[in-house]
Protein chains: 2
Amino acid sequence: MAVDPEHVLRAAAALLTRKSTATMDEVAKAAGISRATLHRHFAGRDALVRALEALGIAECEAALDEARLDEGSASDAVRRLVGAIEPAAGLLAFLYTENQLFEGEEQNAGWATIDDRISALFRRGQLGGEFRVDLTPAWLTEALYGLMASGAWLVHSGKGAPKDFQHMIVELLLGGALRREES
Amino acid sequence: MAVDPEHVLRAAAALLTRKSTATMDEVAKAAGISRATLHRHFAGRDALVRALEALGIAECEAALDEARLDEGSASDAVRRLVGAIEPAAGLLAFLYTENQLFEGEEQNAGWATIDDRISALFRRGQLGGEFRVDLTPAWLTEALYGLMASGAWLVHSGKGAPKDFQHMIVELLLGGALRREES
DNA sequence: CCTGGATGAGACATCCGTGTCTCATATGGG
DNA sequence: CCCATATGAGACACGGATGTCTCATCCAGG
């Protein structure tokens, strides 16, 4: 019988990614459990969202580890990062819009850590002469988030193929829209 | 006494941009009117959001007109567009996250028109050999939205200066993060 | 077989936001 | 000056979502 909290979180994430205003009852149904049991594991919607936030942070950290940001060229590291983070893009897009989390003062410190790791990657690319220096690492990081949200939206709306997700984002982020003669 | 609906909408947009879950009562207070009067002008939260959506669309259309997308190089047109749309970026970011509007089937057709106009700009740039052709106009359009949302967020959070808004977005969108030898 | 823990179903009270109403007040034009 | 109109303040009921509780059921382990 024992309900798997992980499975519940996955189901909740999948549902809330599509319908961010879903009821606790809908979340319970989506997870295949009753509302009572859902409330036994996550005391209220707030706790559920916090748990989802922790899950999203954990998946981001895992993607950051998997991408081995310190190895090889910064460009390749960005490419690996986007590829590794793609499965979590839907959840991240949900959390991104759940700005309730960022309006209060009790925002999870995990995001700052992630920001720092990604910013460090862009900084490494700048110091290595790979990336241009007139765009700040903070902006490049934020832009990466925005592009991933846009990419997730494009795929979700059916206007783009999931297999193009990584290519679209990385090519635009690194190469830009302008056509080049060389390279 | 006559309340200016335009002013109410501006105040509502400013508040909802910061706190998307604001109550009708909070919106009324922000606009300096009573909740009763607010409800006399906009019959319910839904109507208010629709009015904001219409305002956002109108501002987008105005920015599109002002940017004269058909004139000069596509790159310069993009640059003008971002500059012209900047004042509305906060409102657009709010509407962007108000995905409630897009979950139903009754989404405002105005967005499609705007999408088409921007897509046409990118397509013009591709046909003219100015933009690369391996990124679809639909993706470039969506990416522009995402970058504007990220830029608005960066400015709002104090991590970036408003004066850099246009430069950050246009440079990244067109030029990408990679450092170039020429140009 | 039996017992304890976990779950499902449902009832119930509560809170919050909303929509609606009334009444007093103030403003501006005739 | 008088009256129509708009506004502000507040009361009131409604609905939806939530939190909490009880009880029956089911399954696993002893």
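Letters A, B, ... mirror the listed sequences (proteins, then strands); counts begin at 1.
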Taking the six-membered ring for Trp, are B/Phe131 and B/Phe122 parallel (under 30°), tilted (30 to 60°) or perpendicular (over 60°)?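 Plane angle between 30° and 60°, so tilted.
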Quick check on the helix from C/dC1-D/dG30 to C/dG30-D/dC1: what's the angle between its two end axes, five base pairs per end, to the nearest 10°? 10°
Can you tell me how far apart [atom1] ([X]) and [atom2] ([Y]) are? Round to the nearest 0.5 Å.
{"X": "A/Phe94", "Y": "A/Leu15", "atom1": "CZ", "atom2": "CG", "result": "9.5 Å"}
{"X": "A/Leu174", "Y": "A/Leu144", "atom1": "CG", "atom2": "CG", "result": "9.5 Å"}
{"X": "A/Arg79", "Y": "A/Leu173", "atom1": "CZ", "atom2": "CG", "result": "10.0 Å"}
{"X": "B/Leu135", "Y": "A/Met168", "atom1": "CG", "atom2": "CE", "result": "9.0 Å"}

Within this structure, what is the [atom1]-to-[atom2] distance between [X] and [N], rounded to whole angstrom?
{"X": "A/Phe42", "N": "D/dG19", "atom1": "CZ", "atom2": "P", "result": "14 Å"}
{"X": "A/Ile33", "N": "C/dA6", "atom1": "CD1", "atom2": "C1'", "result": "12 Å"}
{"X": "A/Asp46", "N": "D/dT18", "atom1": "CG", "atom2": "P", "result": "12 Å"}
{"X": "B/Asp4", "N": "D/dT7", "atom1": "CG", "atom2": "C1'", "result": "15 Å"}
{"X": "A/Leu38", "N": "D/dT18", "atom1": "CG", "atom2": "P", "result": "10 Å"}
{"X": "B/Leu48", "N": "C/dG17", "atom1": "CG", "atom2": "C1'", "result": "14 Å"}
{"X": "B/Lys29", "N": "C/dG17", "atom1": "NZ", "atom2": "P", "result": "12 Å"}
{"X": "B/Asp25", "N": "D/dG10", "atom1": "CG", "atom2": "P", "result": "11 Å"}

Check this for me: B/Arg124, atom CZ, are more than 12 non-hydrogen atoms of other residues, nucleotides or ligands nearer than 6.0 Å? yes
Could you work out which one of [options] sits closest to the side chain of [X]?
{"X": "B/Arg40", "options": "C/dG8, D/dA9, D/dT18", "value": "D/dA9"}
{"X": "B/Met24", "options": "C/dG19, C/dA9, C/dC21", "value": "C/dG19"}
{"X": "A/Arg35", "options": "C/dT18, C/dA11, D/dG8", "value": "C/dA11"}

Is [X] near enough to [N] that one of its side-chain N or O atoms lies under 4.0 angstrom from OP1 or OP2?
{"X": "A/His39", "N": "D/dT20", "value": "yes"}
{"X": "B/His41", "N": "D/dT7", "value": "yes"}
{"X": "B/Arg45", "N": "C/dG17", "value": "no"}
{"X": "A/Ser34", "N": "C/dA9", "value": "no"}

Heavy-atom nearest nucleotide on DNA chain D for B/Thr37 versus A/Glu26: which residue maps closer to 5'?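 The residue closer to the strand's 5' end, by nearest nucleotide, is B/Thr37.
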Ion pair B/Lys19/B/Glu26, N-O distance below 4.0 Å: yes
